[in-house]
Asks: 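Sending over a structure as structure tokens; questions will come in a sec.
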Amino acid sequence: MALAAKKAATASHTFSWQGKDAKGRPMKGELIASNVGMARAELRRQGLQPSKIRKKAPALFKGKGKPITPGDIAVFARQLATMMSSGVPLVQSFDIVGRGHEKASMQELLLKIKADIEGGTALADALGKHPLYFDDLFCNLVKAGEAAGVLEPLLDKIATYKEKTESLKGKIKKALFYPAAVIAVAVIVTAVILIFVIPQFQSLFRGFGAELPAFTQMVLHLSDWMQNYWWAMILGLGGIGYGIKGLWKRSRPFRQFIDRAMLRIPTIGPILHKAAIARFSRTTATMFAAGVPLVEALESVAGATGNIVYEEAVLKMREDVATGQSLQLTMKQQRIFPHMTVQMVAIGEESGSLDHMLSKVADFYEEQVDNAVDSLSSLLEPMIMVIIGVLVGGLVVAMYLPIFQMASAV
């Protein structure tokens with residue numbers, strides 16, 4: 001199999017082709033070109049005789065296939081780092097990883113980057129054309145590695161960084177999932193009882209001929225409302241969710257409010273604090289080790305913390321560091337970093353091993369987050385049972401109160 005690609009200003013289409021080589025052997029492959037004519041000319045330039053050239057539908061890349069996730073980018077970074085450290089050339093590495101990927105959208109992305117590199121574009125610039133998948137931090141690290149001539153070891157650092165980051169994100173999602181699961185399960189169980197079980201008691205109560213307890217009446221009214229307006233509740237919850245998502249994307253004050261509130265939630269808040277410190281430490285250590293100046297690194301680090309409170313603090317730190325203050329002093333002034341973190345940074349600055357110390361801090365807090373999430377999981381499992389038990393038990397008591405009153409009257 002052969003694959004040809006030519007960099008052009010308008011090269012944005014992938015073509016599949018079939019033909020023969022100079023010895024008459026059948027060949028087939030794919031290439032990126034601006035049109036069929038350019039594709040045919042490129043194949044002939046390589047000594048191939050194309051018999052069929054067909055443009056591939058771009059819909060897979062634009063969303064009809066499986067979407068590209070941050071996890072895919074982390075796996076790609078590790079694969080690229082492994083191949084380059086094994087001596088495989090950069091272009092060939094992209095070809096191997098791209099062809100071997102199970103997602104058509106990821107294949108298309110990597111082949112486009114490969115075509116840009118073949119045309120003489122630097123790796124950092126080629127990645128920068130796809131900001132949806134490769135952020136400024138990723139591109140800056142690659143650029144620093146290319147400039148210093150240490151791309152291979154730096155790609156390994158990037159891969160490690162992405163793996164650690166995605167692992168930490170997974171732990172945070174797990175920590176937030178359990179409270180959401182408790183609420184969702186409680187709402188679903190309560191709704192099912194109110195809509196399907198409580199109505200069975202209503203016909204029984206009609207023949208009592210006596211006033212029902214207030215608690216029972218309240219539950220019956222709630223059941224009536226749920227039976228008649230369950231759709232309104234679903235629409236309301238959907239509207240609230242959509243509104244919150246829209247405000248999150250468009251309103252920075254709203255994001256500030258939510259992020260500050262999340263940090264104050266018992267149990268969840270400390271986990272988010274530790275996660276933000278771990279991200280700050282891991283990102284700063286990676287960029288500093290890559291030779292990126294501290295002032296420039298902090299600008300990228302701010303967005304990687306995952307919380308606006310820490311983002312704003314890091315941006316203030318960047319301004320102070322730019323005026324000549326030490327990193328540990330600016331961290332202390334923000335009053336959101338633990339004493340241990342500040343002291344580790346101070347030792348790192350004094351000994352000239354800031355990246356090593358920050359890596360140690362990141363390892364420590366990532367382990368803390370892991371332990372906290374495990375503890376939260378163990379704590380919430382019985383809490384789920386308690387909450388559901390209270391809700392179901394309360395509804396059962398409400399239904400049996402009239403029966404108890406009749407028995408006592410008799």
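For the single chain, residues carry numbers from 1 onward in sequence order.
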Asks: Within the structure provided, determine whether Gln333 and Lys316 are in side-chain contact (heavy-atom separation under 4.5 Å).
Replies: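 Not touching, per the 4.5 Å side-chain cut-off.
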
Asks: Show the nearest heavy-atom pair for residues Glu152 and Ser85, with the distance to one decimal.
Replies: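 Answer, listing the atom of Glu152 first, then Ser85: OE1-CA, 4.1 Å.
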
Asks: Distance check, rounded to the nearest 0.5 Å: Lys360 atom NZ versus Met344 atom CE?
Replies: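 Answer rounded to 0.5 Å: 8.0 Å.
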
Asks: What do you reckon, is NZ of Lys162 surrounded by more than 12 foreign heavy atoms closer than 6.0 Å?
Replies: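 More than 12 within 6.0 Å, yes.
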
Asks: Determine whether a donor-acceptor pair (N or O, by modelled atom type, separation under 3.5 Å) exists between the side chain of Thr305 and the backbone of Ala302.
Replies: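 A pair under 3.5 Å: yes.
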
Asks: Judged by atom type as modelled, is there a donor-acceptor pair below 3.5 Å linking the side chain of Glu366 to the main-chain atoms of Leu168?
Replies: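 Absent.
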
Asks: Work out which heavy atom in Lys157 is nearest to a heavy atom in Thr286; give both atom names and the distance.
Replies: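 In this case the closest contact between Lys157 and Thr286 is O-CG2, 4.3 Å.
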
Asks: Are side-chain heavy atoms of His273 and Val369 found at a separation under 4.5 Å?
Replies: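 A side-chain contact under 4.5 Å is absent here.
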
Asks: Would a distance-only check, ignoring hydrogens and angles, find a side-chain to backbone donor-acceptor pair under 3.5 Å from Glu146 to Leu123?
Replies: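 Yes: the side chain of Glu146 pairs with the backbone of Leu123.
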
Asks: Test Phe337 against Tyr310 for side chain to side chain contact (heavy atoms under 4.5 Å, CB included), laying out the working first.
Replies: CA-CA 9 Å; Phe337 293 96; Tyr310 281 88; 4.3 Å; yes

Asks: In the structure I gave you, are the side-chain heavy atoms of Leu263 and Asp259 within less than 4.5 Å of one another anywhere?
Replies: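 The answer is no, as the side chains (C-beta and beyond) never meet within the 4.5 Å cut-off.
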
Asks: Take Ser223 and Gln227 through the side chain to side chain donor-acceptor pair (under 3.5 Å) test and state the conclusion after the steps.
Replies: CA-CA 6 Å; Ser223 175; Gln227 293 175 62; 3.1 Å; yes

Asks: Quick one: closest heavy-atom pair of Met287 and Ser300, and the distance?
Replies: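 Reported closest heavy-atom pair: SD-CB, 3.7 Å.
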
Asks: Can you check whether Phe288 reaches Leu298 side chain to side chain, under 4.5 Å on heavy atoms?
Replies: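 No; the side chains remain at least 4.5 Å from each other.
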
Asks: Do Glu166 and Lys169 come close enough that some side-chain heavy atom pair is under 4.5 Å?
Replies: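 Touching, per the 4.5 Å side-chain cut-off.
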
Asks: Using side-chain heavy atoms (C-beta onward) and a distance below 4.5 Å, is Phe134 in contact with Val142?
Replies: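 Phe134 does not reach Val142 side chain to side chain.
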
Asks: Check this for me: Trp248, atom CH2, are more than 12 non-hydrogen atoms of other residues, nucleotides or ligands nearer than 6.0 Å?
Replies: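 Correct, the count exceeds 12.
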
Asks: Any idea which heavy atoms bring Val373 and Lys171 closest together, and the distance?
Replies: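 Reported closest heavy-atom pair: CG2-O, 3.4 Å.
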
Asks: Applying the side chain to side chain donor-acceptor pair (under 3.5 Å) criterion to Arg282, which one of Asp363, Thr165, Thr160 satisfies it?
Replies: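 Result: among Asp363, Thr165, Thr160, Asp363 is the only option passing the side chain to side chain donor-acceptor pair (under 3.5 Å) with Arg282.
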
Asks: Side chain of Ser375, backbone of Asn371: donor and acceptor closer than 3.5 Å?
Replies: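 Flag set: sc Ser375 to bb Asn371 pair under 3.5 Å.
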
Asks: May I ask you to decide if Asp116's main-chain N or O and Thr121's side chain share a donor-acceptor pair within less than 3.5 Å?
Replies: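 Such a contact is found between Thr121 side chain and Asp116 backbone.
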
Asks: Got a second to check how far Ile68's CD1 is from Leu132's CG, nearest 0.5 Å?
Replies: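 These two atoms lie 8.0 Å from each other.
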
Asks: Looking only at heavy atoms, which two atoms of Ala81 and Ala159 are closest? And how far apart?
Replies: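 So the minimum-distance heavy-atom pair works out to CB-CB, 4.3 Å.
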
Asks: Working to the nearest 0.5 Å, report the span between OG1 of Thr283 and CG of Leu141.
Replies: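 Reported value, rounded in 0.5 Å steps: 9.0 Å.
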
Asks: For Phe254, look at atom CZ and say whether over 12 heavy atoms of other residues, nucleotides or ligands are found less than 6.0 Å away.
Replies: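 Yes, enclosed.
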
Asks: Please test Ile271 against Lys274 for side chain to side chain contact (heavy atoms under 4.5 Å, CB included), starting from the C-alpha separation and ending with a verdict.
Replies: CA-CA 5 Å; Ile271 294 177; Lys274 293 171 183 176; 5.9 Å; no

Asks: Looking at Lys103 and Pro67, would you say the former's side chain and the latter's main chain have a donor-acceptor pair under 3.5 Å?
Replies: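 Yes, Lys103 side chain to Pro67 backbone: donor-acceptor pair under 3.5 Å.
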
Asks: For a quick test of reading the model, state the closest non-hydrogen atom pair linking Ala278 to Ala362 and the distance between them.
Replies: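 The answer is O-CB, 3.8 Å.
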
Asks: Checking Lys143 against Asp125 for the salt bridge (Lys or Arg N to Asp or Glu O under 4.0 Å) test, could you report, in this order, the C-alpha distance in whole Å, the side-chain angles of both residues, the deciding distance, and whether it holds?
Replies: CA-CA 8 Å; Lys143 186 176 181 179; Asp125 295 334; 5.9 Å; no

Asks: For Arg78 and Leu155: C-alpha separation, side-chain torsions, deciding distance, then whether side chain to side chain contact (heavy atoms under 4.5 Å, CB included) applies.
Replies: CA-CA 8 Å; Arg78 173 56 62 195; Leu155 280 172; over 6 Å; no

Asks: With a cut-off of 6.0 Å (strictly less than), are more than 12 heavy atoms of other residues, nucleotides or ligands near CZ of Arg335?
Replies: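 Open.
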
Asks: Name the orientation class of the two ring planes belonging to Phe76 and Phe94 (parallel below 30°, tilted from 30 to 60°, perpendicular beyond 60°).
Replies: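 Tilted.
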
Asks: How long is the straight-line distance from CD1 of Ile96 back to CG of Leu110, given to the nearest 0.5 Å?
Replies: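 One finds 12.0 Å between CG of Leu110 and CD1 of Ile96.
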
Asks: Contact between Met106 and Leu109 at the side-chain level, heavy atoms closer than 4.5 Å - yes or no?
Replies: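 With C-beta onward as the side chain, the pair touches.
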
Asks: Under 3.5 Å, is there a donor on one side chain and an acceptor on the other for Asp320 and Thr323?
Replies: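 Result is no, nothing qualifies.
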
Asks: In the structure I gave you, are the side-chain heavy atoms of Leu294 and Thr284 within less than 4.5 Å of one another anywhere?
Replies: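 Yes, close enough: below the 4.5 Å cut-off.
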
Asks: If I take atom CZ from residue Arg279 and atom OG from residue Ser281, how far apart are they, to the nearest 0.5 angstrom?
Replies: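 Atom-to-atom, Arg279:CZ and Ser281:OG are 12.0 Å apart.
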
Asks: Once you round to the nearest 0.5 Å, how far does CG of Leu358 lie from NE2 of His356?
Replies: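 Atom-to-atom, Leu358:CG and His356:NE2 are 10.5 Å apart.
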
Asks: So does Glu367 have more than 12 non-hydrogen atoms from other groups sitting under 6.0 Å from CD?
Replies: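 Open: at most 12 neighbouring heavy atoms sit under 6.0 Å from CD of Glu367.
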
Asks: Taking it one step at a time, do Leu237 and Met233 satisfy side chain to side chain contact (heavy atoms under 4.5 Å, CB included)?
Replies: CA-CA 6 Å; Leu237 292 175; Met233 185 183 74; 4.2 Å; yes

